[in-house]
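Data first, discussion second: the structure below is written as structure tokens.
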Amino acid sequence: MPIYEFKCLECENMFEFLLINTQETLEMNCPKCECSNIEKMMSTTHYAVGVSGTGTGPKAQTRSCSKGSCTTIDLPGHSR
Ligand SMILES: [Zn+2]
């Protein structure tokens, strides 16, 4: 399942959201201040670059699914 990270431009709250359809971002609001002025923090590609091989960074996994390929991110130590 694709999980995306977002940042609220109003209160700078960062949160993660599971998106089945990326068009859902149009209807999303910040869970903290409920404004719709949010920015999508991408991407899986940026996470993967430069951290591979360290064993401590986020790991992106691409695998086959019904839509072709899905990318999931594993964020170690990313708890909230
Ligand atoms: Zn906010």
Side-chain angles (χ1 to χ4, degrees):
M1 293 265 200
I3 298 177
Y4 294 92
E5 192 164 4
F6 296 88
K7 179 181 179 182
C8 174
L9 298 180
E10 293 292 330
C11 67
E12 296 191 340
N13 178 43
M14 292 184 69
F15 55 98
E16 294 170 346
F17 214 89
L18 178 71
L19 284 187
I20 306 300
N21 186 336
T22 54
Q23 290 184 348
E24 289 182 38
T25 57
L26 299 176
E27 302 173 2
M28 286 178 52
N29 294 333
C30 170
K32 192 172 180 180
C33 69
E34 298 187 345
C35 74
S36 59
N37 193 11
I38 59 175
E39 180 182 61
K40 190 154 116 183
M41 306 291 286
M42 283 297 281
S43 70
T44 61
T45 305
H46 292 170
Y47 275 127
V49 171
V51 298
S52 63
T54 64
T56 56
K59 289 173 287 189
Q61 282 187 332
T62 303
R63 62 191 173 189
S64 299
C65 70
S66 58
K67 286 181 294 188
S69 66
C70 291
T71 300
T72 58
I73 302 179
D74 195 15
L75 294 176
H78 194 76
S79 59
R80 190 160 313 205

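Read the numbers this way: they start at 1 and go in the same order the structure lists the ligands and their atoms. What's counted below: heavy atoms across the whole structure, side chains too, no hydrogens, waters or symmetry copies.
To the nearest 0.5 Å, atoms CD (E10) and SG (C35) are separated by 4.5 Å.
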> Should Y4 and F17 be marked as a ring-ring contact (aromatic ring centres under 6.0 Å, His included) after you check the CA-CA gap, both sets of side-chain angles, and the distance that decides it?
Replying inline: CA-CA 5 Å; Y4 294 92; F17 214 89; 10.0 Å; no
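Taking 2.8 Å as the limit, the number of protein N, O or S atoms around the Zn ion (ligand 1) is 4.
Among E39, M41, K40, the one residue that satisfies the side chain to side chain contact (heavy atoms under 4.5 Å, CB included) test with E5 is M41.
In this structure, N13 and P31 have side chains that are in contact, with non-hydrogen atoms separated by less than 4.5 Å.
The two residues I38 and C30 have their closest heavy-atom pair at CG2-N, 4.0 Å.
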